[in-house]
Amino acid sequence: MKPRTVVIAGATGFIGSYFQRRFLEEGWQVRTVGRGASADAQWDDDAAITKVLNGAELLVNLAGRSVNCRYDERHRREILDSRVLTTRTLGRAVAACAEPPRTWINSSTGTIYRHAEDHPQSEVSGELGSGFSVDVARAWEDELATAVAPDTRKVPLRIAIVLGAGGVMSPLRNLARLGLGGHMGPGTQKFSWIHVEDLFRTVLFVDAHGELTGPVNAATPYPVDNRELMSLVRQSMGVPFGMPTPAWLLEAGAVLIRTQTELVLKSRWVEPRKLLDAGFAFEHPTLAGALNHIDKAHPKPSLT
């Protein structure tokens with residue numbers, strides 16, 4: 001039987017490299033779009049991207065500059081363009097395909113919802129927030145919606161914080177190692193997350209379930225608050241105590257390390273209602289189990 005073909009755009013990051021490996025393990029043929037010389041098509045070559053997409057079953061777009069930076073004018077433009085312009089480029093290429101992908105899963109973000117400590121935000125009843133990050137998410141999804149692709153199902157995947165070897169866990173563990181692994185700000189803000197393997201399985205599930213349309217939330221049904229998050233991080237590190245960090249100190253520290261406090265202070269409570277209703281089962285539903293799995297798969301160096 002002819003292998004199925006997936007095109008991964010933005011395949012060099014933490015998630016993209018994981019997806020490449022897992023798709024290959026599952027027997028897919030993998031083609032890539034990116035900036036590096038190893039990509040099958042470069043972002044500035046519409047014809048090459050069209051050729052790569054033509055005949056593929058699935059397009060997964062993961063392209064987007066890291067948001068772990070200060071939101072000055074240059075970085076804001078880079079963050080927006082790296083999402084909107086790449087999606088626009090893929091839209092042109094899909095429209096030009098004689099045999100376009102059946103499904104196009106485009107990254108979005110759970111940050112599109114408002115700061116929520118009162119109740120979870122589902123795809124149907126969730127309330128969108130405000131501010132720069134939400135504006136970017138809206139523009140990202142709007143660009144996907146306007147792409148002319150009548151034969152392709154387009155799904156914006158609203159992804160929560162992704163956990164695996166690397167990603168957000170590295171700075172959190174560094175804080176714990178330094179004794180600063182207590183709760184951040186009030187500690188009541190929700191932390192919605194998903195294990196990278198469950199994110200990969202979500203993509204396969206969405207591809208296989210044609211009834212899933214519109215935005216899909218990719219997050220575990222069991223988020224934690226910041227207090228529990230940092231407690232579990234400390235436990236995984238074998239660190240008994242962590243100094244809490246008040247919001248004002250986070251603001252000062254964020255300036256020094258050139259990041260944004262929104263990344264830890266915004267309460268993200270994302271409910272994967274569509275996935276659950278469609279019968280998706282998470283392999284790593286709880287944070288304690290996910291951290292334990294990551295630790296076993298990627299042992300940490302000794303602290304001594």
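Owing to the predicted nature of the structure, the values given are computational and were not obtained by experimental measurement.
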d(I49 CD1, R31 CZ) to nearest 0.5 Å is 13.5 Å
As a quick check of understanding, evaluate side chain to side chain donor-acceptor pair (under 3.5 Å) for E117 and S267, giving each step before the final call.
CA-CA 6 Å; E117 295 187 34; S267 187; 4.6 Å; no
S82 (side chain) donor-acceptor with G64 (main chain) under 3.5 angstrom:
no
With no hydrogens and no angle check, is any side-chain donor or acceptor of S108 less than 3.5 Å from a backbone partner on P156?
no
To the nearest 0.5 Å, what is the distance between CZ (R158) and CH2 (W140)?
11.5 Å
For W43 and D45, which I'm curious about, is there any donor-acceptor pair between the side chains at under 3.5 Å?
no
Salt-bridge criterion met for E127 and R114 (N-O under 4.0 Å):
yes
Taking every heavy atom of F19 against every heavy atom of V203, the minimum-distance pair comes out as CE2-CG2, 3.7 Å
Under 4.0 Å between a side-chain nitrogen and a carboxylate oxygen: does that hold for R22 and E25?
yes
Are the side chains of W269 and P223 in touch, meaning some heavy atoms are under 4.5 Å apart?
yes
So, does H293 use its side chain to make a donor-acceptor pair with the main chain of G289 at under 3.5 Å?
no
Counting only N and O atoms by type, is there a donor-acceptor contact under 3.5 Å from the side chain of S107 to the main-chain atoms of N61?
yes
Compare all side-chain heavy atoms of L178 with those of M243 and state whether any distance is below 4.5 angstrom.
no
Determine whether a donor-acceptor pair (N or O, by modelled atom type, separation under 3.5 Å) exists between the side chain of K154 and the backbone of A145.
yes
Under a 3.5 Å distance rule, please check whether K190 uses its side chain to pair with a backbone N or O of N226 as donor and acceptor.
no
In this structure, would V216 and I15 fall into the same cluster of hydrophobic residues linked by side-chain contacts under 4.5 Å?
yes
Examine the side chains of H75 and E73 and answer whether a donor and an acceptor come within less than 3.5 Å of each other.
no
Looking at H209 and E211, would you say the former's side chain and the latter's main chain have a donor-acceptor pair under 3.5 Å?
no
If you measure from the Lys or Arg side-chain nitrogens to the Asp or Glu carboxylate oxygens, is any gap between D207 and R102 under 4.0 Å?
yes
Any chance you could lay out the side chain to side chain donor-acceptor pair (under 3.5 Å) test for T5 and Q29, step after step, and finish with the verdict?
CA-CA 5 Å; T5 299; Q29 182 182 51; 2.8 Å; yes
Cation-pi geometry met for R234 and F241 (6.0 Å, 45°)
no
Distance (rounded to the nearest 0.5 Å) between N292 CG and H284 NE2:
10.5 Å
Using a 6.0 Å distance limit plus a 45 degree cone around the ring axis, check whether R21 lies over the aromatic ring of Y18.
yes
I194 and T202, any side-chain heavy atoms less than 4.5 Å apart
yes
In the structure I gave you, are the side-chain heavy atoms of R83 and R65 within less than 4.5 Å of one another anywhere?
yes
Side chain of E123, backbone of N217: donor and acceptor closer than 3.5 Å?
yes
Just checking, is any N or O donor in the side chain of T213 or R153 under 3.5 Å from an acceptor N or O on the other one?
no
Any donor-acceptor pair under 3.5 Å from T111 side chain to S133 backbone
no
Within-4.5 Å side-chain heavy-atom neighbours: I8 and V6:
yes
What pairs of donor and acceptor atoms, side-chain ones from residues 93-100 against any protein atom, are under 3.5 angstrom apart with sequence neighbours left out?
none

Please tell me if the side chains of V7 and V60 come closer than 4.5 Å, counting only heavy atoms from C-beta onward.
no
State whether a side-chain donor-acceptor pair under 3.5 Å links T89 with D46.
no
Rounded to the nearest 0.5 Å, the OG1 atom of T220 sits from the CG atom of L199 at a distance of 12.5 Å
Let me confirm one number: the CD-CZ distance from E26 to R4, rounded to the nearest 0.5 Å.
8.0 Å
Backbone N or O of M184 within a donor-acceptor pair of the Q189 side chain at under 3.5 Å?
yes
Does R273 pair with D277 as a salt bridge, N-O distance under 4.0 Å?
yes
Sort out for me which residue in F282, F280, F200 forms a ring pair (Phe, Tyr, Trp, His ring centres under 6.0 Å) with F205.
F280
Intermediate values then yes/no, salt bridge (Lys or Arg N to Asp or Glu O under 4.0 Å), R201 and E283
CA-CA 9 Å; R201 293 176 61 251; E283 279 191 5; 3.6 Å; yes
Less than 4.5 Å apart, side chain to side chain, heavy atoms only: is that true for W28 and L58?
yes
With the side chain counted from C-beta on, respond yes when T87 and L144 share a heavy-atom pair under 4.5 Å apart, and no when they do not.
yes
